[in-house]
Trainee: 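So that we are looking at the same thing, I have put the structure below in structure tokens.
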Amino acid sequence: MKFLVLLAIVTVAGCSSSVPSLNQYLLRSDTPSQFKVEEQSAVVGLGTVVVASYIDGLGLVLETSGGEVRAARDHQWAEPLRDSLRVFMAQEVSAQAGQVIRANHSGENDWQRRIDLRIDQLHGSPNGAAKLVAYWQVFDIDERTIVSENGFSETQALTVDGYEALVTAEKVLLRKLAVAMAASL
């Protein structure tokens, strides 16, 4: 009899609990590109975009104490980060540089410079901040030389707790990276 009462309580409790909802976030630039390639003296393209494997999944990543990282199950990027980062960074660097930064290569030899980008860290930290560590190189295609090699490492405090605030802080950091990348051109 006690077993049946316990089973009934567990069943009712299980049925009344809510299932967490899936929250997905888009990484989109708020600054549309307004530049024409025809007006540019040197066309710059975004070449290789490499994203560290631990952040290349859909789940937003948090670092816990002791250097562990955990990907969120119910808070995800709406599309693979390596794809959305390419378009986001091209638009943001374009806006900062005042010139077109092509997100994709058209297959022709139309680029004069190429930017290769590597994102090593993009995650929440244990102290309530977002962290971004990135490296990029600018290549002169005609000269076949490296124009500059650059690094970026910064944190951005979250204004409130939660994954939405983490996404906002990560976008702020990516915009700061775009400013640094534009300055290196």
Side-chain angles (χ1 to χ4, degrees), residues 25-63 67 69 71 76-125 129-156 166-185:
Y25 304 91
L26 288 169
L27 180 59
R28 293 289 188 265
S29 176
D30 299 329
T31 312
S33 178
Q34 299 180 7
F35 306 102
K36 295 181 180 177
V37 174
E38 297 85 35
E39 299 171 356
Q40 305 300 313
S41 58
V43 178
V44 179
L46 190 55
T48 306
V49 176
V50 176
V51 180
S53 60
Y54 81 98
I55 56 174
D56 202 19
L58 291 178
L60 295 174
V61 176
L62 292 175
E63 178 183 2
V69 290
Q76 301 178 350
W77 293 110
E79 56 196 4
L81 193 55
R82 66 188 167 279
D83 296 334
S84 57
L85 266 172
R86 170 176 293 285
V87 175
F88 182 89
M89 292 307 297
Q91 286 182 312
E92 290 293 326
V93 175
S94 288
Q96 294 300 321
Q99 71 180 70
V100 173
I101 306 297
R102 289 193 176 170
N104 296 300
H105 203 288
S106 64
E108 302 170 14
N109 292 327
D110 54 358
W111 292 359
Q112 282 79 38
R113 288 201 170 169
R114 181 185 81 225
I115 305 169
D116 288 342
L117 174 63
R118 187 178 86 228
I119 305 288
D120 281 353
Q121 296 181 45
L122 181 62
H123 57 76
S125 67
K131 182 173 187 172
L132 171 62
V133 176
Y135 303 92
W136 73 96
Q137 293 180 324
V138 179
F139 293 93
D140 185 301
I141 303 297
D142 296 331
E143 301 288 327
R144 296 182 183 195
T145 59
I146 296 174
V147 175
S148 66
E149 293 185 88
N150 309 275
F152 180 92
S153 179
E154 198 166 321
T155 59
Q156 177 72 36
L166 175 60
V167 169
T168 300
E170 288 178 344
K171 285 183 178 181
V172 167
L173 287 172
L174 289 167
R175 286 186 186 103
K176 288 179 180 181
L177 173 61
V179 169
M181 289 173 69
S184 71
L185 296 175

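In this text the structure is predicted, and so the values were computed from the model without any measurement.
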Trainee: Would you say Q96 and L185 make side-chain contact, with heavy atoms under 4.5 Å?
Mentor: no
Trainee: How about M89 and I115: do any of their side-chain heavy atoms sit closer than 4.5 Å?
Mentor: no
Trainee: Do Q112 and D142 have side-chain heavy atoms sitting under 4.5 Å apart?
Mentor: yes
Trainee: In the structure I gave you, are the side-chain heavy atoms of L62 and L166 within less than 4.5 Å of one another anywhere?
Mentor: yes
Trainee: For the backbone of I101 and the side chain of S94, can you confirm whether one donor and one acceptor N or O come within less than 3.5 Å of each other?
Mentor: yes
Trainee: Between CD of Q137 and CZ of R113, what distance do you get to the nearest 0.5 Å?
Mentor: 13.5 Å
Trainee: Closest approach of L27 and K171, non-hydrogen atoms and distance?
Mentor: CD1-CG, 3.8 Å
Trainee: When rounded to the nearest 0.5 angstrom, what is the spacing between CD1 in I119 and CG in D56?
Mentor: 11.0 Å
Trainee: Verify salt bridge (charged side-chain N to carboxylate O under 4.0 Å, His left out) between E154 and K176, making sure each step is shown before the conclusion.
Mentor: CA-CA 9 Å; E154 198 166 321; K176 288 179 180 181; 2.9 Å; yes
Trainee: What are the two closest heavy atoms between L174 and F88, and how far apart are they?
Mentor: CB-CE2, 3.5 Å
Trainee: Scan side-chain atoms only and decide if S184 and W136 contain a donor-acceptor pair under the 3.5 Å cut-off.
Mentor: yes
Trainee: How far apart are the closest heavy atoms of A130 and L173, and which atoms are they?
Mentor: O-CD1, 3.4 Å
Trainee: First locate atom OH of Y25, then atom CD of E79, and finally report the distance between them rounded to the nearest 0.5 Å.
Mentor: 15.0 Å
Trainee: Rounded to the nearest 0.5 Å, what separates atom NZ in K131 from atom CG in L122?
Mentor: 11.5 Å
Trainee: Can you name the closest pair of heavy atoms from R86 and A103 and give their distance?
Mentor: NH1-O, 2.8 Å
Trainee: Charged N to carboxylate O below 4.0 Å: is that the case for D116 and R118?
Mentor: no
Trainee: Q121 and I55: which non-hydrogen atoms are nearest, and at how many Å?
Mentor: C-CD1, 4.2 Å
Trainee: V44 versus V138: any side-chain heavy-atom pair under 4.5 Å?
Mentor: no
Trainee: For I146 and F139, which heavy atoms make the closest approach, and how far apart are they?
Mentor: CG1-CE2, 3.3 Å
Trainee: About how many Å separate CZ of R82 and OG1 of T48, when rounded to the nearest 0.5 Å?
Mentor: 14.0 Å
Trainee: Nearest 0.5 Å, please: how far is CD in E170 from CG in L177?
Mentor: 12.5 Å
Trainee: Can a donor-acceptor pair be found, under 3.5 Å and without considering hydrogens, that links the side chain of D140 to the backbone of T145?
Mentor: no
